[in-house]
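See structure below.
Residue indices begin at 1 and follow the sequence shown.
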Amino acid sequence: NDSPELARAYNNLATVVSYLGHIQRNLELRSAAVQAGERLGAWGTARFAATAQTMWEYALGNWEVFDAESRSMLEESERIGGRYQDAYILSTRALVAIARAEDADARAGSQRALELARGARDPQIVLPVLAEIAFVEVELGRLETARQHGKEFVSGPRYVSGGQRADSTFALVARDLQLESELRASLEATRPEDRWAPPLRAVLDGDYLNAAETFGEMELRTLEAHVRLRAGEQLLAAGRHSEAEEQLERSLAFWRSVGA
């Protein structure tokens, strides 16, 4: 098929399978979309798919690759006058910054991401960005602002930004923001084949060990590390020190590997 629509078809299918939690198949389809787009002149689709590939590097735990590629994409975007995907990139870069205790960069990146998302006037852009910056704001201690953004996120439809599902990041702070029941309700409406829903429900239930194992099986190393840290803290509070030490060490090994 020599139609430029082939690239769009690959990219759209990648979005569907990533939303259902088939991560590697999503990456294969994104790669096919890039190749078809470049071969057939569908440059916009090729760029979108390439950006999605880069954003997955964060989720998969390849932060150095994500950092270098996302910075390059933002520089290219600035040269051509900006792209709406910049908002996604900036909010995900803010997640990296906050994990590395680069609070000023996290705050600035979050603010810029939201400005660009609002400017696009498209909920498909705004809502995933809101979920990620709500997480950053919780980490910064800005709970009231985080709750406002979180309420806006959970009240809207679910969209895929190209990277990992936004509700997976938000699930980590839903309880802090007293929005757990709202997120749980949206998960109850998911399809039976949705591979994201069981670990996200486990996070909301405080069943961090099961959530961590499932995220590990899905190769979502960043989420796995977040949840293992919570599992370790939970086990420590219960006096289960040796089990807690194992979970904390596995989590900390990841954070050390990504410079956080």
Side-chain angles (χ1 to χ4, degrees), residues 1 3-62 65-66 69-70 73-74 77 83-93 95 113 116-117 120-133 135 153-154 156-171 183 186-187 189-200 214-215 217-223:
N1 190 331
S3 168
E5 290 301 310
L6 180 63
R8 187 186 300 276
Y10 280 134
N11 194 61
N12 289 346
L13 185 55
T15 298
V16 171
V17 299
S18 72
Y19 193 82
L20 293 175
H22 299 282
I23 311 305
Q24 290 304 319
R25 182 60 179 146
N26 149 66
L27 294 172
E28 292 165 5
L29 289 163
R30 297 288 186 198
S31 181
V34 172
Q35 292 171 24
E38 291 176 346
R39 179 169 60 86
L40 300 169
W43 303 111
T45 301
R47 279 196 300 269
F48 183 98
T51 302
Q53 286 179 303
T54 292
M55 290 167 63
W56 275 104
E57 299 292 357
Y58 164 79
L60 296 169
N62 305 320
V65 176
F66 168 75
E69 290 185 358
S70 62
M73 286 174 169
L74 289 172
S77 177
R83 299 195 297 252
Y84 75 87
Q85 276 181 297
D86 293 350
Y88 298 145
I89 294 171
L90 287 165
S91 65
T92 306
R93 285 181 65 85
L95 295 176
L116 290 174
R121 300 178 183 276
D122 182 349
Q124 188 168 346
I125 303 166
V126 174
L127 292 169
V129 168
L130 285 168
E132 293 195 336
I133 68 170
F135 178 92
F153 169 70
V154 296
R158 293 292 167 263
Y159 292 110
V160 180
S161 64
Q164 72 181 38
R165 258 181 39 182
D167 54 359
S168 64
T169 301
F170 190 76
L183 184 58
S186 75
L187 290 171
T190 59
R191 299 168 67 93
E193 62 269 30
D194 183 350
R195 295 181 68 203
W196 290 95
L200 294 185
T214 306
F215 285 139
E217 291 165 6
M218 293 172 72
E219 300 182 51
L220 298 169
R221 294 179 62 227
T222 297
L223 282 169

Original post:
Do S77 and D86 get their side chains close enough for a donor-acceptor pair, meaning under 3.5 Å?
Top reply: yes

Original post:
Under a 4.5 Å cut-off applied to non-hydrogen side-chain atoms, are T51 and Q85 in contact?
Top reply: yes

Original post:
Looking only at heavy atoms, which two atoms of A50 and M73 are closest? And how far apart?
Top reply: O-CE, 3.4 Å

Original post:
So, do Y10 and E28 sit near enough that their side-chain heavy atoms are less than 4.5 Å apart?
Top reply: no

**OP:** Measure the spacing between CD of Q24 and CG of L27 and express it to the nearest 0.5 Å.
**Re:** 5.0 Å

Subject >> pair S70-Y58: side-chain heavy atoms closer than 4.5 Å >> reply: no

Original post:
Rounded to the nearest 0.5 Å, how far apart are CG of L183 and CG of D167?
Top reply: 6.0 Å

Subject >> Over all atoms of both residues, closest heavy-atom pair of A197 and T190 >> reply: CB-OG1, 3.6 Å

Subject >> Heavy-atom closest pair, residues P4 and L40 >> reply: CG-O, 3.8 Å

Subject >> Contacts of type side-chain contact (heavy atoms from CB on, under 4.5 Å), residue A87, not counting sequence neighbours >> reply: L116, A117, I125, V129

Subject >> side chain to side chain contact (heavy atoms under 4.5 Å, CB included) between L220 and W56, worked out >> reply: CA-CA 9 Å; L220 298 169; W56 275 104; 3.6 Å; yes

**OP:** With sequence neighbours left out, write down each residue that passes side-chain contact (heavy atoms from CB on, under 4.5 Å) with R47, or none if nothing qualifies.
**Re:** W43, E76, R83

Original post:
Going from CG on L60 to CG on L223, what distance comes out if it is rounded to the nearest 0.5 angstrom?
Top reply: 10.0 Å

**OP:** Please report the shortest heavy-atom distance between G21 and M218, naming the atom on each side.
**Re:** O-CE, 3.7 Å

Original post:
Can you tell me how far CZ of R8 sits from CG of L13, rounded to the nearest 0.5 angstrom?
Top reply: 14.5 Å

Original post:
Taking all atoms of both residues into account, what is the closest heavy-atom pair of R221 and G61, and its distance?
Top reply: NH1-O, 3.7 Å

Original post:
If you measure from CG on L95 to CD on Q164, what distance do you get to the nearest 0.5 Å?
Top reply: 8.0 Å

Original post:
What is the minimum heavy-atom distance between F135 and T169, and which atoms define it?
Top reply: CB-CG2, 3.8 Å

Subject >> Nearest-0.5 Å distance, CG of residue L200 to CZ of residue R195 >> reply: 12.5 Å

Subject >> Neighbour count >12 (heavy atoms, 6.0 Å) for atom CZ, F66 >> reply: yes

